[in-house]
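Presented below is the structure to which this report refers.
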Amino acid sequence: MVRKHARRPGRSAQRSQRALGAAVILAAAGTAGCGVFQTAAPTLSGMQHQITTGEQISAATQAEAAQAEAARLRAGVAAGAQSFATDHKVTGDEVVAIGDSVMAASALALADAMPGIYIDAKPDREMPAGLAILRHLAATGRLRPVLVLGLGTNYLVTASQLSQVLQILGPDRKLVLINTYVPDSWSKQVNVTDAAFARQHPSIVLANWYNTIRSRMYLLWPDHIHPEIPGTKVYARMVYRAVQATRHTPAG
C-alpha cells in the first residue's frame, strides 16, 4: 500500500476502498486491450491486465462520486458547490483526474494516495477527448477544485488546447499538468508545450513525470511507457505532491 499523506480516512473513505477492492476483483475476471502500444505477448498480458484493472478502478471512483453527489443533493448542497481552500491539505474528494493508459495503469495507487478522487482514465485517449470530458463535467456541475490532467501519451498537446482547459476551469480552480515519458517523437514536443504553458501561467503546477521516471526505467514495463506496480506508487506520490502544491499557487 502507498503511505497515506492525507488525513486518516473516515468511514466514507473506507467504503470507497472497499468499492475499489471490488473493482479489482471484477477486473481480474477478464482483460481488454491496452491501446496502441505493442510488446511481446507475455509482457503485454500483464500490462493489459494492470491497465484493465485501472479502468475498473476509474469507473468505481466515478460511481462513488455519483453516490456522494446524490447524498449532497439530498442534504440540500448544490452540485459543484465545493470551493478551494488553502488552510488544509487537498483531499481526494476535491480532485478530478483525467488521463490516458498511463494514468489508468496507476489508478489503484492514485485512489490509495487520495481516497475519494474522481478518475477518468482510458487507453488511446488524446486531448480532444479529454476536453470533451472536461466540458461535460463542467456542464453537469461535477468539476472539483483541482484538476489533474495526464494526456499526451498518444499524441500532441497544443497551447490552444491547454488554454481551453483553463477557460473551462475558470479562475477559481487549480490545474496539475502531468507531462509524458514516451519513446515517440511527439513526446518531447508535448513536454516543451506543457513546460512553456506552465511558465506562462503560475497557477498551474507541472507534475514532471519525465524527470521523475527517466532515471528509474526499471519501474516501467518493457514498452518504456507504462509503470509497473512499484512505478505506479512513484507516479501517485508525484501527483499527490503536485496536488498539494496547488495550495501555494496564485489564482488563475
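Keep in mind that what you see is a predicted model, and the values were worked out from it rather than measured.
Taking every heavy atom of both residues into account, R144 and G92 meet most closely at NH1-O, 3.2 Å. Smallest separation of non-hydrogen atoms from Y118 and A65: CD1-CB, 3.5 Å. The shortest heavy-atom contact between G54 and A107 is O-CB, 3.5 Å. Summarising the geometry of I117 relative to A111, their closest heavy-atom pair is CG2-CA, 3.9 Å, with the distance given to 0.1 Å. Closest approach of V182 and I225 over heavy atoms only: CG1-CD1, 4.2 Å. Annotation for A159 and F197: closest pair O-CE1, 3.7 Å, computed over non-hydrogen atoms.
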Applying side-chain contact (heavy atoms from CB on, under 4.5 Å), run through I213 and M238 and close with a yes or a no.
-> CA-CA 10 Å; I213 202 64; M238 175 196 71; over 6 Å; no

Please assess V95 against V90 for the test side-chain contact (heavy atoms from CB on, under 4.5 Å), listing each intermediate value before the final yes or no.
-> CA-CA 8 Å; V95 181; V90 183; 3.8 Å; yes

H201 vs L162, side-chain contact (heavy atoms from CB on, under 4.5 Å): CA-CA, chis, key distance, verdict = CA-CA 11 Å; H201 299 85; L162 294 176; over 6 Å; no

Verdict with supporting geometry, R237 and Y235, side-chain contact (heavy atoms from CB on, under 4.5 Å) = CA-CA 6 Å; R237 284 195 295 270; Y235 180 95; over 6 Å; no

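Checked for salt-bridge contact, R125 and D120 meet the test: a charged N lies under 4.0 Å from a carboxylate O.
Shown here are the ring-ring contact (aromatic ring centres under 6.0 Å, His included) partners of H224, two or more places apart in sequence or in another chain: there are none.
A distance of 12.0 Å separates CG in L166 from CZ in R173, rounded to the nearest 0.5 Å. Taking CD1 of I204 as the start and CZ of R199 as the end, the distance is 11.5 Å to the nearest 0.5 Å. We find the NE2-NZ distance between H248 and K174 to be 9.5 Å, quoted to the nearest 0.5 Å. Once rounded to the nearest 0.5 Å, the distance linking CD of E228 with CG of L220 reads 8.0 Å. Atom CD1 of residue I168 and atom CD1 of residue I133 lie 11.0 Å apart, to the nearest 0.5 angstrom. The OG1 atom of T61 sits 9.5 Å away from the CG atom of L110 when rounded to the nearest 0.5 Å.
Q50 places a side-chain N or O within donor-acceptor distance of the main-chain N or O of A105, the cut-off being under 3.5 Å. Formation of a donor-acceptor pair under 3.5 Å by the T158 side chain with backbone atoms of Q161 is found in this model. No donor-acceptor pair under 3.5 Å is formed between the side chain of T52 and the backbone N or O of H49. A donor-acceptor distance shorter than 3.5 angstrom exists from the side chain of N191 to the backbone of T180, with no hydrogens or angles considered. Within the 3.5 Å criterion, the main-chain N or O of I119 finds a donor-acceptor partner in the side chain of Q62. Between the side chain of S215 and the backbone N or O of N211 there is no donor-acceptor pair closer than 3.5 Å. Using modelled atom types, one side-chain atom of T249 and one backbone atom of T246 make a donor-acceptor pair closer than 3.5 Å.
V102 and M217 fall within the same hydrophobic cluster, where Ile, Leu, Val, Met, Phe, Trp and Tyr residues are linked whenever their side-chain heavy atoms come under 4.5 Å apart, directly or through other members. There is no path of hydrophobic side-chain contacts, each under 4.5 Å, that joins V192 to V157.
Within 6.0 Å of CD in Q189 there are 12 or fewer heavy atoms belonging to other residues, nucleotides or ligands.
Side-chain contact of Q167 with S163: a donor-acceptor pair under 3.5 Å is absent, judged by distance alone. Remark: the D124 side chain and the S101 side chain contain no N/O donor-acceptor pair separated by less than 3.5 Å. Checked by atom type, the side-chain pair E94/T91 shows a donor-acceptor distance below 3.5 Å.
Contact of the L219 side chain with the K233 side chain is not registered, since no non-hydrogen atoms from C-beta on lie closer than 4.5 Å. Side-chain contact check for E55 versus P123: some heavy-atom pair is nearer than 4.5 Å. The closest side-chain heavy-atom distance from M114 to V239 is below 4.5 Å. Contact of the P227 side chain with the T232 side chain is registered, since non-hydrogen atoms from C-beta on lie closer than 4.5 Å.
The only option from D194, T212, N208 that meets the side-chain hydrogen bond (donor to acceptor under 3.5 Å, both in side chains) definition with N179 turns out to be N208.
Each ring-ring contact (aromatic ring centres under 6.0 Å, His included) pair with one or both residues in residues 122-159, not counting sequence neighbours, appears once here: Y155-W186.
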